[in-house]
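Here the structure comes first, spelled out in structure tokens, and everything after it is commentary.
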Amino acid sequence: MRINRSGTSMNNSTETGTPLKRTDYCGELRAAHEGREVVLCGWVHKTRDMGHIVFVDLRDREGLAQVVFQSDRPELAEEAKRLRNEFVVGVRGRVRRRSAVNKDIPTGEVEVEAFELRVFAASKVPPFVVADPPQASEELRLKYRYLDLRRPKMQRHIRLRHEASLAVRNYMSRNGFFEIETPILANPTPEGARDYLVPSRIYKGRFYALPQSPQQFKQTLMISGFDRYFQIVRCFRDEDLRADRQPEFTQIDIETSFIDREEFFTLNEGLMEALFALAGGKVERPFRRLPYAEAMEKYGSDKPDLRVPLEMRDLTAVGGESSSEILKATIAGGGELKCLLVPGAGALSRGQLDKLGDKAKALGAKGLVWIKKQDGWKSSLKMADADFEMIWAALGGADTDLALLVADKRDTALKALGEIRRAWPMEDAARKDRLEFCWVTDFPLFEWNKEEKRFVSMHHPFTSPHEDDLGLLETEPDKVRAKAYDLVLNGVEVGGGSIRIHDMDLQRRVFKSLGLTDKETEEKFGYFLEALSFGAPPHGGIAFGFDRLVMLLAGEESIREVIPFPKTTSALDLMTNSPSAVTERQLEELGLKLRG
RNA sequence: GGGGUCGUAGUUCAGCUGGUUAGAACGCCGGCCUGUCACGCCGGAGGUCGCGAGUUCGAGUCUCGUCGGCCCCGCCA
């Protein structure tokens with residue numbers, strides 16, 4: 001029987017006619033299987049042809065097993081010699097102990113002595129070798145994703161994803177939550193991200209939108225009395241991509257009624273504990289609570305990485321009393337002086353300090369001032385020794401420390417030093433492996449949008465304002481705090497949510513503050529406002545980025561590593577070539593016409 | 001929308017200030033080998049240097065454009 005690499009299927013080599021029915025997964029064979037006759041099915045991972053003896057590593061989703069073809073069955077050995085990588089085969093044989101154990105693989109104590117071989121399918125030479133780590137660009141991996149997914153690591157990731165979704169469903173169900181589906185064809189929304197639009201054939205000129213999240217539906221479910229809802233659900237946002245952002249992504253969406261914030265946090269902390277148990281991670285509870293204002297002031301970020309043991313300090317008062325004209329002028333002009341004290345970093349070279357300065361400038365700061373106390377004061381800023389003494393005393397710095405200062409507009413200074421803080425190398429490996437969760441709370445309800453020249457919701461328009469700030473809604477909207485919270489893990493925003501508005505009148509006031517006209521409000525949210533008037537329970541919820549969570553569980557730095565078929569950063573699917581053109585007829589049916 | 005970076009055998013890369021025949025490793029093909037597991041040894045094939053213009057006596061190398069990968073800013077309620 002000829003074996004070729006055309007990719008077409010071939011006949012069975014031994015022509016026994018009996019079907020080869022798999023008895024075991026390759027990766028599950030152990031010493032306990034010794035003596036058993038087994039049938040394995042899988043892909044040829046590698047062959048080692050020694051002349052009169054041929055070794056074949058056979059791979060399936062559970063792992064590798066070594067199959068041996070010996071010369072006492074010459075015909076079989078001849079067949080085995082023609083096997084090539086990625087052929088799909090079935091093997092009948094007997095499990096026996098190896099003469100030399102391979103400690104690198106779990107099945108390394110045993111091997112299978114083959115007495116029947118069937119080639120189910122040949123394979124062309126693959127464009128890259130299916131092995132870890134991949135010796136292929138991400139571009140090639142994405143084009144041949146079906147081959148990339150055969151790699152043991154990708155198989156582990158996809159399995160981990162399954163286990164994570166199972167853990168979520170078990171945990172939520174155990175806590176009384178129902179998984180309830182919501183529409184994928186929904187309404188476009190005036191707020192938030194760009195929508196993916198779906199034209200309606202029946203109503204020409206009208207569009208569905210793919211949901212950015214099931215927000216209104218899940219709140220509606222609360223009004224319907226379902227009380228505890230969750231869903232592992234696909235969401236769509238037509239915005240630019242990143243390592244942690246895909247146009248379609250998966251959320252763990254949760255909503256509850258009649259529960260206060262603390263109870264809700266506890267529930268979610270338990271969910272995180274259940275998830276990270278999958279990776280053997282230890283989760284310390286309760287999680288730290290960090291008001292937004294404090295997070296910005298200390299870490300220059302609303303998603304601080306708390307593994308980095310550095311905090312920022314405000315030195316505006318001290319800087320104002322210094323003799324430095326630059327500092328005094330900046331502060332007099334409404335700027336602030338922020339400082340990051342880095343213990344033990346006084347030995348940093350001039351070149352390293354310049355690089356930090358470049359980084360600060362790239363983030364919009366006018367410059368970075370560094371101060372160290374080694375053989376007298378050294379600094380990028382000329383000041384009197386008394387000024388240095390004053391700053392050092394305010395910081396409580398040691399002789400070996402390094403102080404990094406930015407005097408600028410408050411936001412700019414915090415952002416620049418916050419970014420330097422975030423990127424500070426973690427020499428301590430144990431610290432790097434820690435799981436530093438924190439709840440960032442009390443976000444502002446609104447933020448100013450420069451392009452649209454109006455306030456927009458920082459979270460979303462259904463977020464409840466803090467009751468103490470209700471009076472500011474119309475007068476000083478930027479001062480209103482929201483009952484919104486994010487869950488942050490090691491500098492990654494893994495989830496965000498809020499206590500919702502359940503009062504129709506308050507909801508109307510918020511829409512008004514956002515600059516929505518009565519007409520827009522009625523059109524887009526009319527049904528929802530009416531629903532709120534039929535007895536809406538107090539409720540709130542959260543949505544977690546499932547891809548990001550699985551990414552962190554897998555120890556990866558891109559969600560593409562845990563999504564079976566991801567898109568590139570320019571939103572292409574390199575395997576299917578989507579998106580693609582449609583026929584004129586399709587457009588016509590939808591009442592659409594392409595513009596030149 | 002903007003910035004950075006990369007694109008050279010099937011793959012990962014090297015290729016100096018522009019200069020004769022574009023290299024290595026892995027993979028692939030053929031041969032040898034009875035205990036390999038990064039098998040080994042011998043031999044071989046394999047290139048539109050992403051694509052298109054331009055500069056030049058001469059372009060993988062320089063310039064511009066374009067397509068694509070990755071990273072970042074904006075954006076992402």
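Convention: sequence-line order gives letters A, B, ...; per-chain numbering from 1.
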- To the side chain of A/Thr568, which of B/G69, B/U36, B/U11 is closest? B/G69

- When you match A/Ser99 and A/Pro461 each to their closest nucleotide on RNA chain B, which lands nearer the 5' end? A/Ser99

- Quick one: is A/Ser137 getting a side-chain N or O under 4.0 Å of the B/C6 phosphate, OP1 or OP2? no

- Message: Taking only the P atom of each, what is the distance from B/C57 to B/G50 in whole angstrom?
- Response: 24 Å

- Spacing between A/Leu140 atom CG and B/C70 atom C1', to the nearest angstrom: 14 Å

- Closer than 4.0 Å, any side-chain N/O of A/Arg560 to the OP1 or OP2 of B/C71? yes

- Message: For the C1' atoms, the ones on B/G15 and on B/A25, what distance do you get once it is rounded to whole angstrom?
- Response: 15 Å

- Nucleotide paired to B/G54 in any strand shown, Watson-Crick or G-U, under 3.5 Å: B/C62

- Find the distance A/Arg194:CZ to B/G74:C1' and express it as a whole number of Å. 11 Å

- Message: Please tell me whether A/Phe455 and A/Trp448 form a close aromatic pair, meaning their ring centres lie under 6.0 Å apart.
- Response: yes

- Query: When all nucleic acid strands are considered with a 4.0 Å heavy-atom cut-off, which category describes A/Leu572: base, sugar-phosphate, or nothing?
  - Reply: sugar-phosphate

- Message: With a 3.5 Å limit on both atom pairs, tell me what B/C26 is paired to, counting Watson-Crick and G-U wobble, or say none.
- Response: B/G10

- Task: Give the nucleotide from the list B/U34, B/C76, B/U12 with an atom nearest to the side chain of A/Glu239.
- Result: B/C76

- Message: I want to check one thing: is the phosphate of B/G69, taken as OP1 and OP2, less than 4.0 Å away from some side-chain N or O of A/Thr569?
- Response: no

- Query: Do A/Gln251 and A/Ser213 have side-chain N/O donor and acceptor atoms under 3.5 Å apart?
  - Reply: no

- Query: Of the nucleotides B/G69, B/C76, B/C28, which has the atom closest to the A/Val125 side chain?
  - Reply: B/C28

- Query: Rounded to the nearest 0.5 Å, what separation is found between the OG1 atom of A/Thr256 and the NE2 atom of A/His539?
  - Reply: 9.0 Å

- Looking only at atom C1', what distance separates B/A9 and B/G23, rounded to whole Å? 10 Å

- Touch check for A/Pro127, heavy atoms < 4.0 angstrom, all strands: base, sugar-phosphate only, or nothing? sugar-phosphate

- What nucleotide, of B/A38, B/C29, B/G35, holds the atom closest to the side chain of A/Asp104? B/A38

- When you get a sec, tell me which of B/C75, B/G35, B/C70 is the closest nucleotide to the side chain of A/Arg242? B/C75

- Item | side-chain N/O A/Ser558 vs B/C70 OP1/OP2, d < 4.0 Å | no

- Message: Using OP1 and OP2 only, check whether a side-chain N or O of A/Arg48 sits under 4.0 Å from B/G40.
- Response: no

- Task: Say whether A/His460 and A/Glu191, considering side chains only, have a donor N or O and an acceptor N or O under 3.5 Å apart.
- Result: no

- Message: Could you identify the nucleotide paired to B/C49, looking across every strand shown and requiring Watson-Crick or G-U wobble geometry with both distances under 3.5 Å?
- Response: none

- Query: Considering heavy-atom distances to RNA chain B, does A/Gln212 or A/Phe55 have its closest nucleotide positioned more toward the 5' end?
  - Reply: A/Phe55

- Query: Between B/U36 and A/Arg98, is there an OP1 or OP2 to side-chain N/O distance shorter than 4.0 Å?
  - Reply: no

- Item | Proximity to the side chain of A/Asn85 - top-ranked nucleotide from B/G1, B/G69, B/C28 | B/C28

- Query: Should the pair A/Glu467-A/Lys483 be classified as a salt bridge under the 4.0 Å nitrogen-to-oxygen rule?
  - Reply: yes

- Message: Strictly by Watson-Crick or wobble contacts shorter than 3.5 Å, is anything paired with B/C76, and which nucleotide is it?
- Response: none

- A/Phe217 and A/Tyr229 aromatic centres sub-6.0 Å: no

- Message: Looking at B/C73, I'd like to know if its phosphate oxygens (OP1 or OP2) sit under 4.0 Å from a side-chain N or O belonging to A/Lys415.
- Response: no

